[in-house]
Amino acid sequence: MKLIVVTPAGREKYLRLLSHHVLKSPEVDEWHLWDNCRNEADRAYLQKLAASDPRCKIKTLPSADGSLEIIGRFFRFCDDADALYLRLDDDVVFLEEGFLPRFKERAMAEKGSALWYAPLIINNAVCSTLIKNFSRVLIDGPLTCQAMCPYSWAHASFPMALHPVFIEAVRTNRLSDFRVPDREVRLGRFSINAIGFFGSEVLDIGEVFFPPGNDEEEWLSVTLPAKLDRPGKVFGDLVAAHFSFFTQEQRLLQTTILDDYYALAGLPAPAYEKPVVKARLKDRLRPWRKRKDPAPKYRVSLPADRHGA
C-alpha cells in the first residue's frame, strides 16, 4: 500500500522544515502539495520544492487563495484506492524518528476500526489534555478537552511553555515521558493537524466523505464520524509537533522556538520576518485596566526520574 502525504501548502518558513521530515523517508511514495499559498514568494518556493523530488506533486484549485475555507475541496484529490493518506499541516515541525513507517504499520493493522487516525500531536488541545492526564509530563495550568480551548488554543502562553520542554525531551532521549495510551475521539472537534485515512474508504463512503461547506475540520472530525458511527483514533505512542494556531502564531514567531526545531533537525533556520506585536493604544493609555481575557500562565516540566524514549 502506498503512503501519500498531503499538505495544505504553503508557507516557506515551515515547509522547509516539514520537507526535511517527509522527503528523507523512503516510506513516502508521494507528497501532494495542495497549493493554497498566500503570496507569490511562497508559491515560487512550492514550485522549487516540487522540482527537487519527483515524489512531490502540486495540486491546484482555481479558487485557492490562502484561506482556510478552501482546504476541504482539495480532499477530492484523495482518490487512490491503494493509498494511505496522511494529511500534515505545513507547520508540522517535528516527526519522531521512524514516524512514517510506524504510522503506516499501525494504521494498516487497525484499518476499519476508526475513520481516521492521528498521532499524539504537540500543541493540539485535545492531545494536550491526554498528555496532562495520562503522560508523565507535568503541566500546571488550565486546559480543556476542546479543540478551541479558551486557554491553550486561544493564547500563545501554553505552546510557549510546552514546545521548549518537548524539544528538550527529544534532545535528551525522553520522548517516552510524553507517550499516552491510545484513545478514541468521539463527538468532539479535533484539530486535524495530522490525520491519516484510507483512499479505499474515501471511495467506499463516496460523496458524503467530502466536506459540504467551508469547515472541513468540523466535518471530518465530528459530523462525519457521528453520521457513520465511526470514531477517530489517536495513536498515543507516535509523536508529532505542530507549531501554532493562528491565535498563537505571531507571538510564537517572536521567540526562537521555530529556530530551535530547525536546530533539532540539524538544519539552519531560514531567514524570516519576526513580527513586532505592538501594545494596543487603549492598553498604553490605561495600563491599570486589566484585559478581560489575560493569557493564562503555565509551568510544564519533565518528571525528575529519567525514562528513555
Side-chain angles (χ1 to χ4, degrees), residues 7-21 36-39 41-42 45 66-68 88-95 121-125 127-128 131 137 139-143 147-171 178 191 193-194 239-302:
T7 298
R11 294 166 288 181
E12 180 180 354
K13 59 181 171 285
Y14 303 125
L15 275 174
R16 283 183 177 272
L17 184 51
L18 180 58
S19 66
H20 165 79
H21 290 292
N36 196 33
C37 294
R38 302 172 187 177
N39 58 66
D42 284 337
Y45 175 73
S67 65
L68 296 176
L88 298 176
D89 280 354
D90 65 354
D91 64 339
V92 168
V93 289
F94 175 83
L95 299 176
I121 305 166
I122 303 304
N123 197 20
N124 170 294
C127 290
S128 297
I131 292 169
V137 176
I139 298 176
D140 180 18
L143 297 177
M148 296 178 182
C149 172
Y151 309 109
S152 65
W153 174 87
H155 299 277
S157 57
F158 179 67
M160 286 175 65
L162 179 66
H163 279 307
V165 174
F166 176 74
I167 290 170
E168 182 61 21
V170 177
R171 285 175 175 159
F178 276 86
S191 295
N193 318 112
V239 185
H242 164 246
F243 183 68
S244 72
F245 295 99
F246 74 92
T247 51
Q248 308 163 347
E249 184 180 25
Q250 295 298 299
R251 184 66 186 94
L252 286 181
L253 285 174
Q254 291 181 299
T255 73
T256 65
I257 289 172
L258 181 58
D259 302 41
D260 294 340
Y261 274 109
Y262 270 95
L264 198 63
L267 300 172
Y272 62 92
E273 184 176 353
K274 298 230 177 200
V276 176
V277 178
K278 297 180 181 179
R280 296 181 301 178
L281 178 61
K282 68 177 182 179
D283 291 336
R284 295 201 303 269
L285 295 176
R286 299 182 179 181
W288 63 87
R289 183 177 180 178
K290 293 183 179 180
R291 292 181 59 191
K292 294 180 180 179
D293 56 344
K297 296 181 180 179
Y298 293 93
R299 287 190 302 171
V300 181
S301 61
L302 300 176

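Only heavy atoms go into these numbers, but all of them, side chains included; no hydrogens, no water, no symmetry mates.
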Under 3.5 Å, is there a donor on one side chain and an acceptor on the other for His20 and Tyr262?
no
Non-hydrogen atoms of Ala240 and Leu95 that approach each other most closely:
CB-CD2, 3.6 Å
How about Phe243 and Tyr261: are their ring centres within less than 6.0 Å of each other?
no
I need the Glu12 CD to Asn39 CG distance, nearest 0.5 Å.
9.0 Å
Asp89 side chain vs Asp91 backbone, donor-acceptor pair below 3.5 Å
no
Between His242 and Asn124, is there a side-chain heavy-atom distance shorter than 4.5 Å?
no
If you measure from CG on Leu252 to CG on Leu258, what distance do you get to the nearest 0.5 Å?
9.5 Å
If we ignore hydrogens and angles and just use 3.5 Å, is the side chain of Thr7 paired with the main-chain N or O of Leu88 as donor and acceptor?
yes
Side-chain touch Ile131/Ile122, heavy atoms, less than 4.5 angstrom:
yes
Which pair of non-hydrogen atoms, one from Gln254 and one from Val276, has the smallest distance, and what is that distance?
NE2-CA, 4.0 Å
Lys297 atom NZ: more than 12 heavy-atom contacts under 6.0 Å
no
Of all heavy-atom pairs between Asn193 and Asn123, which one has the smallest distance, and what is that distance?
OD1-O, 4.3 Å
Please determine, by modelled atom types, if Tyr272 and Asp259 share a side-chain donor-acceptor pair under 3.5 angstrom.
yes
Nearest-0.5 Å distance that lies between atom CG in Leu17 and atom CZ in Arg11:
12.5 Å
So, do Tyr151 and Phe158 have ring centers that fall under 6.0 Å from each other?
no
Exercise: identify the closest heavy-atom pair between Gly10 and Asp42
O-CB, 3.2 Å
Between Leu15 and Ala9, what is the shortest heavy-atom contact and its length?
CD1-CB, 3.9 Å
Mark yes or no for whether Asn36, through its side chain, and Gly66, through its backbone, hold a donor-acceptor pair below 3.5 Å.
yes
For the atom pair CG (Leu253) and OG (Ser244), what is the distance rounded to the nearest 0.5 Å?
6.5 Å
When rounded to the nearest 0.5 angstrom, what distance separates SG in Cys127 from CZ in Phe178?
12.0 Å
Distance in Å, Ile257 CD1 paired with Phe166 CZ, rounded so as to fall on 0.5 Å steps
12.5 Å
Is any side-chain heavy atom of Thr247 closer than 4.5 Å to one of His155?
no
Test your reading of the model: is there a side-chain donor-acceptor pair from Gln248 to the backbone of Ser152, 3.5 Å cut-off?
yes
Test side-chain contact (heavy atoms from CB on, under 4.5 Å) applied to Leu18 and Val93, step by step:
CA-CA 6 Å; Leu18 180 58; Val93 289; over 6 Å; no
Expected output: side-chain His163 to main-chain Val165 donor-acceptor under 3.5 Å:
no
If you take all heavy atoms of Ser157 and Pro296, which pair is closest and at what distance?
OG-O, 2.6 Å
